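When reading the values below, keep in mind they use all heavy atoms of this one structure, side chains included, and skip hydrogens, waters and symmetry mates. Small disclaimer: the values here were computed from a predicted structure and weren't measured. Residue numbering restarts at 1 for every chain, and letters A, B, ... go by the order of the sequence lines.
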There are 2 protein chains.
Amino acid sequence: MTRPVGDPSFEDLTARARIRDAAIRLFAERGMDGTTVRDITQAAGVSPGLLRHHFGSKEALREECDTYVLDRMIEIKQELVFDGKLANPAALPSIHPTILLYYKYVTQALLDGSRSAASMFDDMVALTEQWIAKNAPDVSEDHRAYAAVMVGMQSGMLAMHNHVSRALGVDVFTAEGHLRMAGALADFYSHPLLDPELVTKARRAMDALRSSIPPTAAGDDPAAEGA
Amino acid sequence: MTRPVGDPSFEDLTARARIRDAAIRLFAERGMDGTTVRDITQAAGVSPGLLRHHFGSKEALREECDTYVLDRMIEIKQELVFDGKLANPAALPSIHPTILLYYKYVTQALLDGSRSAASMFDDMVALTEQWIAKNAPDVSEDHRAYAAVMVGMQSGMLAMHNHVSRALGVDVFTAEGHLRMAGALADFYSHPLLDPELVTKARRAMDALRSSIPPTAAGDDPAAEGA
DNA sequence: GGTCGTACTATACCGGCGTATAGTCCGCTG
DNA sequence: CAGCGGACTATACGCCGGTATAGTACGACC
């Protein structure tokens, strides 16, 4: 009831920090819209008014959580790189369990339309594109699309974490589940699944289609939804 | 204002069908929680009460939309396979633009926690697992995880469609954008990105970690959120 | 032609939401 | 000790969500 705090550093168990931490956890779990101000303050053990007093609004709190989580993430990663504790980022969560929560948070933030998370996404795409250009330029002719798809798939898989977890029988946001997922991911990256010839044949068919498609398409187009 | 209908088959422009179609479009666009009953009925050009009259509740409407979309999807795919119009499912959207809307819908349904969509996900994982066991058993030792990750990545990437689209400069839910995405995806499947030796080395490090991890982990664990 | 069922509207209800405001407690400073 | 400011609570306001209900228009059937 009265908020079980784990191991907060001493000067950080102020009510303000408790609200922020509760918000991060709840935003990560249920998303921004799925979390009410009252949920947060109840989890933090304070009154709803205090949230407004400290943060002004729910939106402002969200932005503060965004920057906080993002800062902490790069902080943790740099720290680990400094200590040289690991070469493989996939193994990171098993060392620093809090980062799994942050992964979850950022994933949700992407779905919720957070601008900070979106720009982080863009940064990752840019970095991936550079990495490909330098280390594996032959994997695709369209480096940009390749990078975007890769980042989108990785973050998207986390967005589907409950379904993936259900299929796996393990929560991918636990160290154990995350490792299993990372293992499959490694296989994915290292072994070609499809025959390249078959793919180029398919691509040729796609190219043929591309020229012959009607200009209209679905999506947010208000027309063109048939029965 | 009064609902621009595209090309509904005649007996299907009943108000009931209009409500369903509007709901499908709005659910796909904004998700279940982001769409209000009044939004739907306004888009369908009817009064809010009529939704309740025909469907009973918003939740019941959602379920009907779910089954409708899923049925239509397999119907369309079977039809296309029957006609032999294509061998490559990635090119499908350019032929049948409505299916892009359905893709979007199912993706959102997965995020919204729809049971029908979840069981569709499970089916796809099972099918993928079988396919791998038969056609590419050497890509991984953990066929289940590989299949789950693969399906999760594909559907998840669509969940991140706005971010991927932003990075690409094209909406991936248009025929043009979808083709570009599919192209990158094909590269992804056909060319190994990482050196297998490097991966097996990383995997060995992961195995070492797996035995030495603390039993606790983040996620929905109420404790263990540090400062 | 009366009645009955169905499609449909108008409007009200109730709860939960984010937010605003008034007020209390309390440690610090002059 | 007076008072002042920040942390914090209690409570209320306005809005909007899904839902419920009463009522209307109209075609079908006996």
Side-chain angles (χ1 to χ4, degrees), chain A residues 1-3 5 8-27 29-66 108-109 112-115 227, chain B residues 1-3 5 8-66 108-109 111-115 227:
Chain A
M1 186 112 321
T2 53
R3 211 60 261 308
V5 271
S9 61
F10 267 86
E11 59 175 22
D12 210 9
L13 39 65
T14 70
R16 191 174 197 281
R18 288 211 311 277
I19 294 174
R20 173 178 34 69
D21 288 350
I24 289 172
R25 198 163 48 88
L26 289 173
F27 285 162
E29 206 65 43
R30 315 178 195 170
M32 168 91 173
D33 292 343
T35 305
T36 73
V37 167
R38 288 166 177 82
D39 286 342
I40 299 169
T41 53
Q42 186 182 347
V46 297
S47 84
L50 192 60
L51 189 150
R52 175 169 170 76
H53 173 67
H54 278 304
F55 298 94
S57 74
K58 188 188 182 185
E59 179 59 28
L61 169 61
R62 189 261 280 268
E63 282 174 20
E64 180 150 337
C65 290
D66 280 0
Q108 263 299 336
D112 287 341
S114 148
R115 264 183 301 154
Chain B
M1 186 109 321
T2 52
R3 208 66 263 306
V5 272
S9 61
F10 266 85
E11 59 176 20
D12 210 8
L13 40 65
T14 68
R16 191 174 198 281
R18 287 212 312 278
I19 294 174
R20 172 177 37 68
D21 288 351
I24 289 173
R25 197 163 48 87
L26 288 172
F27 285 162
E29 206 65 43
R30 315 178 196 173
M32 168 90 173
D33 293 343
T35 306
T36 73
V37 166
R38 288 166 176 83
D39 286 341
I40 299 169
T41 53
Q42 187 181 348
V46 298
S47 83
L50 192 59
L51 189 150
R52 174 169 170 77
H53 174 67
H54 279 304
F55 298 94
S57 75
K58 188 187 182 186
E59 178 60 29
L61 168 62
R62 189 261 281 266
E63 282 173 21
E64 179 149 337
C65 290
D66 280 358
Q108 263 298 337
L111 294 178
D112 288 341
S114 148
R115 265 183 300 155

Peer 1: Can you tell me the distance, in whole Å, between the CZ atom of A/R52 and the P atom of C/dC17?
Peer 2: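 Rounded to whole Å, this separation is 18 Å.
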
Peer 1: What is the distance, to the nearest angstrom, from the CZ atom on B/F55 to the C1' atom on C/dC8?
Peer 2: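 Atom-to-atom, B/F55 to C/dC8, this comes out as 14 Å.
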
Peer 1: Looking at every non-hydrogen atom in both residues, tell me the closest pair between A/D112 and A/M32 and how far apart they are.
Peer 2: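 Scanning both residues, the minimum pair turns out to be OD2-N, 2.7 Å.
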
Peer 1: Hey, could you give me the CD1/CG distance between A/I24 and A/D66, rounded to the nearest 0.5 Å?
Peer 2: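 Going from CD1 on A/I24 over to CG on A/D66, the span is 9.0 Å.
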
Peer 1: Figure out the CZ/P separation between A/R30 and C/dC17, and round it to whole Å.
Peer 2: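 To the nearest whole Å, that distance equals 10 Å.
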
Peer 1: Determine, for nucleotides 5-17 of chain D in 5'-to-3' order, which nucleotides have protein heavy atoms under 4.0 Å from the base (write B), from only the sugar-phosphate (write S), or from neither (write -).
Peer 2: --BBBB-B----B

Peer 1: Given side chain to side chain contact (heavy atoms under 4.5 Å, CB included), test B/Q108 with B/F27 step by step and report yes or no.
Peer 2: CA-CA 7 Å; B/Q108 263 298 337; B/F27 285 162; over 6 Å; no

Peer 1: A/R62 has an atom CZ; how far is it from atom P of C/dT19, in whole Å?
Peer 2: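 Going from CZ in A/R62 over to P in C/dT19 covers 12 Å.
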
Peer 1: Could you tell me whether A/R16 sits above the aromatic face of A/F55, with NZ or CZ closer than 6.0 angstrom to the six-membered ring centre and within 45 degrees of the axis?
Peer 2: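 Judged by the rule (NZ or CZ under 6.0 Å from the ring centre, within 45° of its axis), A/R16 counts as positioned above A/F55.
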
Peer 1: CZ of B/R18 versus P of C/dA7: gap in Å, rounded?
Peer 2: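 My rounded result for the distance is 14 Å.
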
Peer 1: Kindly indicate whether the side chain of B/L50, heavy atoms from C-beta on, has any atom under 4.5 Å from the side chain of B/T41.
Peer 2: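 Not in contact.
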
Peer 1: Determine yes or no for a side-chain-to-main-chain donor-acceptor pair under 3.5 angstrom, with A/R18 supplying the side chain and A/A44 the backbone.
Peer 2: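 Checking the backbone N and O of A/A44 against the side chain of A/R18, a donor-acceptor pair under 3.5 Å is found.
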
